[in-house]
*Asks:* 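Let me give you the structure first, and then I'll get to my questions.
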Amino acid sequence: MGHGGNVIAELEADHREVEEMFARLRAMTGRGQELRDLVDQVTIELVRHSVAEEQYLYPAVREHVPGGGALADKEIEDHTRVEEILKKLERMDTADTQMSSMLRELMDEVTSHVQDEENNLFPRLAQACTPEQLDDLGDKIRRAKAMAPTRPHPAAPSSPGASKLLAPGAGLVDRARDFVTGRGRS
């Protein structure tokens, strides 16, 4: 969950983790609990990552990157689509015939988002910020991920202020539910 380094290194490490999970999903032949556990693991990672980006990365992009407002808005729209897919997957039985197509849709959305961030947003942020600012953002991102929800909440506000206020409470409830159900332990 926390890798260390500046914001770009931290988020790129998250991206690699998710790509590894996607590779495991593509290689998986079975269904049932093994698939559910891996989908839950992907969901937990993506939700924490998204919340942290919305709280700290995108406000920094708006502040420091020329034209950053439009860039941040586009990335938040990507997150909304991903959270909606995650919510559908959360409710879906692993035997559902739509599971495979829904997982492909998720992987396509996330892969496109990651490529856009790494090829466009991150280089522009690195150019606009000092190393100290990037390190500070990395610390904030790690703290936010530790407190973030672990389940998709697509109807929750995505504004940084509302997210900083509501996410820790939602995260606490989600982690309590996860503890009771054993979700995310594998």
Side-chain angles (χ1 to χ4, degrees), residues 1-26 38-39 41-90 100-131 133-142 144-145 148-164 167:
M1 179 171 49
H3 309 285
N6 72 30
V7 65
I8 295 169
E10 179 72 24
L11 296 175
E12 285 180 340
D14 286 353
H15 293 167
R16 299 299 81 81
E17 281 185 5
V18 170
E19 288 169 353
E20 288 174 19
M21 289 183 231
F22 285 172
R24 289 175 33 213
L25 278 171
R26 282 187 211 93
L38 187 51
V39 169
Q41 188 179 1
V42 167
T43 300
I44 289 166
E45 181 60 32
L46 288 174
V47 169
R48 287 176 171 169
H49 180 90
S50 294
V51 167
E53 285 186 336
E54 289 172 12
Q55 287 180 355
Y56 294 102
L57 176 66
Y58 301 141
V61 168
R62 289 181 196 283
E63 180 181 346
H64 299 290
V65 175
L71 192 57
D73 289 344
K74 186 245 180 248
E75 302 299 336
I76 291 169
E77 287 174 20
D78 290 352
H79 284 193
T80 300
R81 284 192 303 278
V82 167
E83 283 221 35
E84 289 167 355
I85 296 167
L86 290 171
K87 194 65 179 173
K88 289 175 188 174
L89 284 167
E90 183 181 51
S100 292
S101 63
M102 190 67 55
L103 285 170
R104 271 192 305 280
E105 185 179 348
L106 173 69
M107 289 185 270
D108 290 347
E109 281 287 337
V110 171
T111 299
S112 174
H113 176 76
V114 164
Q115 289 171 347
D116 187 44
E117 279 189 344
E118 292 186 2
N119 296 327
N120 187 24
L121 187 145
F122 291 170
R124 292 173 67 182
L125 184 67
Q127 197 170 35
C129 291
T130 67
Q133 289 170 316
L134 296 173
D135 287 343
D136 182 55
L137 280 170
D139 291 340
K140 289 176 179 176
I141 290 284
R142 281 184 287 283
K145 286 192 301 182
T150 61
R151 296 170 184 264
H153 299 278
S158 60
S159 72
S163 180
K164 287 176 189 173

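Heads up: numbering here begins at 1 and tracks the sequence. In this text the structure is predicted, and so the values were computed from the model without any measurement.
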*Asks:* Tyr58 vs His113 aromatic rings, parallel, tilted or perpendicular, using cut-offs 30° and 60°?
*Replies:* perpendicular
*Asks:* Can you tell if the side chain of Phe122 reaches within under 4.5 Å of the side chain of Leu57, non-hydrogen atoms only?
*Replies:* yes
*Asks:* Measuring from atom NE2 of His15 to atom CD1 of Ile8, what distance do you get when rounded to the nearest 0.5 angstrom?
*Replies:* 11.0 Å
*Asks:* In the structure I gave you, are the side-chain heavy atoms of Ile141 and Lys145 within less than 4.5 Å of one another anywhere?
*Replies:* yes
*Asks:* Distance from Lys74 atom NZ to Leu121 atom CG, nearest 0.5 Å?
*Replies:*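 Rounded to the nearest 0.5 Å, the NZ-CG separation comes out at 10.0 Å.
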*Asks:* Going through the distances and angles, do Glu17 and His49 end up as a side-chain hydrogen bond (donor to acceptor under 3.5 Å, both in side chains)?
*Replies:* CA-CA 11 Å; Glu17 281 185 5; His49 180 90; over 6 Å; no
*Asks:* Rounded to the nearest 0.5 Å, what separates atom CG in Leu103 from atom CD in Glu105?
*Replies:* 10.0 Å
*Asks:* Is it true that Arg16 and Glu19 have a side-chain N and a carboxylate O under 4.0 angstrom from each other?
*Replies:*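 A salt bridge links Arg16 with Glu19.
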*Asks:* Do Val39 and Leu25 make a side-chain contact, defined as non-hydrogen atoms from C-beta onward lying under 4.5 Å apart?
*Replies:* yes
*Asks:* What distance separates Thr111 OG1 from Leu106 CG, expressed to the nearest 0.5 Å?
*Replies:* 8.5 Å
*Asks:* Quick one: does any side-chain atom of Arg62 pair with a main-chain N or O of Gly69 as donor and acceptor, under 3.5 Å?
*Replies:* yes
*Asks:* Is the side chain of Asn120 donor-acceptor paired with the backbone N or O of Asp116 at a distance under 3.5 Å, no angle test?
*Replies:* no
